[in-house]
Amino acid sequence: MDTNLPEILAEVQAVCARYEAALMANDVAVLDGLFWHSPHTLRYGDTGNQYGFEAIRAFRAALPLQSPPRTVLRQVVTTYGRDFATSNLEFRRDGGDAEGRQSQTWVRTPEGWRVVAAHVSLL
């Protein structure tokens, strides 16, 4: 299996950057659009677990503020073949010492790259 084919790696890095920009801008429509719209999609977070896209959408819609500002400390994106990738990053919330981790599993779907599993937690 080919890992980190340059053109595939560039695609996934671009969609990860789009996700991060949408997260910081609280752009719920883009965030929802980047998750796979399936009952098989899941998200584990520091305030709860969501199983299925509809639960993720409802969770995000209920938040008064989507995500506190943060600085990405390190990100590792790895692609496996042409249709599967992972993104793992470490971040620090701005104005504090809280550090966290975010893991995402990305799959190329007919609609484009989508998150099929995500995990966010604070250390």
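One is the number of the first residue; the rest follow in order along the sequence.
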Next item on the list: Mind checking side chain to side chain contact (heavy atoms under 4.5 Å, CB included) for Asp46 and listing every partner two or more places apart, or none if nothing turns up?
Entry: Arg93, Leu122
Note to self: Suppose we screen for ring-ring contact (aromatic ring centres under 6.0 Å, His included). Which residues come up paired with Phe53, at least two apart in sequence or across chains?
What the structure shows: His37
Notebook entry, point to check: Going by the side-chain hydrogen bond (donor to acceptor under 3.5 Å, both in side chains) test, which pairs reach into residues 114-123, not counting sequence neighbours?
Noted result: Arg101-Ser121
Check: Should Val77 and Leu5 be regarded as members of a common hydrophobic cluster, given that ILVMFWY residues are connected when their side-chain heavy atoms come within less than 4.5 Å of each other, either directly or indirectly?
Finding: yes
Notebook entry, point to check: How long is the gap from CG on Leu73 to CD on Glu99, to the nearest 0.5 Å?
Noted result: 5.5 Å
Margin query: Working to the nearest 0.5 angstrom, can you tell me the gap between Trp106 CH2 and Cys16 SG?
Written below: 5.0 Å
Item checked: side chain to side chain contact (heavy atoms under 4.5 Å, CB included) partners of Val116, counting only residues at least two apart -> Trp36, Thr105, Val107
Margin query: Show, in sequence, the C-alpha distance, side-chain angles and deciding distance for Trp113 and Tyr19, and conclude whether the side-chain contact (heavy atoms from CB on, under 4.5 Å) test is met.
Written below: CA-CA 11 Å; Trp113 287 100; Tyr19 182 94; over 6 Å; no
Notebook entry, point to check: If you measure from CD on Gln104 to CZ on Phe35, what distance do you get to the nearest 0.5 Å?
Noted result: 6.0 Å
Notebook entry, point to check: Using a side-chain heavy atom cutoff under 4.5 Å and only I, L, V, M, F, W and Y, what cluster partners does Leu42 have?
Noted result: Tyr44, Tyr51
Next item on the list: Just jot down the side chain to side chain contact (heavy atoms under 4.5 Å, CB included) partners of Ala22, sequence neighbours excluded, or say none.
Entry: Asp27, Val30, Leu31
Next item on the list: With side chain to side chain donor-acceptor pair (under 3.5 Å) as the test, would you mind laying out the steps for Ser87 and Gln75 before giving the verdict?
Entry: CA-CA 7 Å; Ser87 170; Gln75 183 172 20; 2.8 Å; yes
Checklist line | Glu20: side chain to side chain contact (heavy atoms under 4.5 Å, CB included) partners, not counting sequence neighbours | finding: Leu23, Met24, Arg70, Val72, Leu89
Note to self: Side-chain heavy atoms nearer than 4.5 Å, only ILVMFWY residues, links allowed to pass through others: does that put Leu9 and Leu34 together?
What the structure shows: yes
Check: At what distance, to the nearest 0.5 angstrom, does CD of Glu11 lie from CZ of Arg82?
Finding: 8.5 Å
Check: Hey, are the side chains of Asn88 and Gln102 touching, using non-hydrogen atoms and a 4.5 Å cut-off?
Finding: no
Check: For residues 52-63, which residue pairs qualify under side-chain hydrogen bond (donor to acceptor under 3.5 Å, both in side chains), counting only residues two or more places apart or in two chains?
Finding: Asp32-Arg60, Glu54-Arg57
Notebook entry, point to check: Going by side-chain heavy atoms closer than 4.5 Å, which hydrophobic residues are tied to Leu123, directly or by a chain of links?
Noted result: none
Item checked: Pairs involving residues 57-82, ordered by first then second residue, that meet ring-ring contact (aromatic ring centres under 6.0 Å, His included) (sequence neighbours left out) -> Tyr80-Phe84
Next item on the list: Go through Asn26 and Ser67 one step at a time and tell me if the side chain to side chain donor-acceptor pair (under 3.5 Å) criterion holds.
Entry: CA-CA 7 Å; Asn26 297 317; Ser67 183; over 6 Å; no
Check: Below 4.5 Å, heavy atoms only, C-beta onward: do Thr3 and Thr79 meet side chain to side chain?
Finding: no
Notebook entry, point to check: To the nearest 0.5 Å, what is the distance between OG (Ser103) and CD (Glu90)?
Noted result: 10.0 Å
Notebook entry, point to check: ring-ring contact (aromatic ring centres under 6.0 Å, His included) with Phe91: which residues, sequence neighbours excluded?
Noted result: none
Notebook entry, point to check: Measuring from Arg92:CZ to Arg74:CZ, what's the distance to the nearest 0.5 Å?
Noted result: 14.5 Å
Note to self: If the condition is salt bridge (charged side-chain N to carboxylate O under 4.0 Å, His left out), which residues does Asp83 pass it with, not counting sequence neighbours?
What the structure shows: Arg108
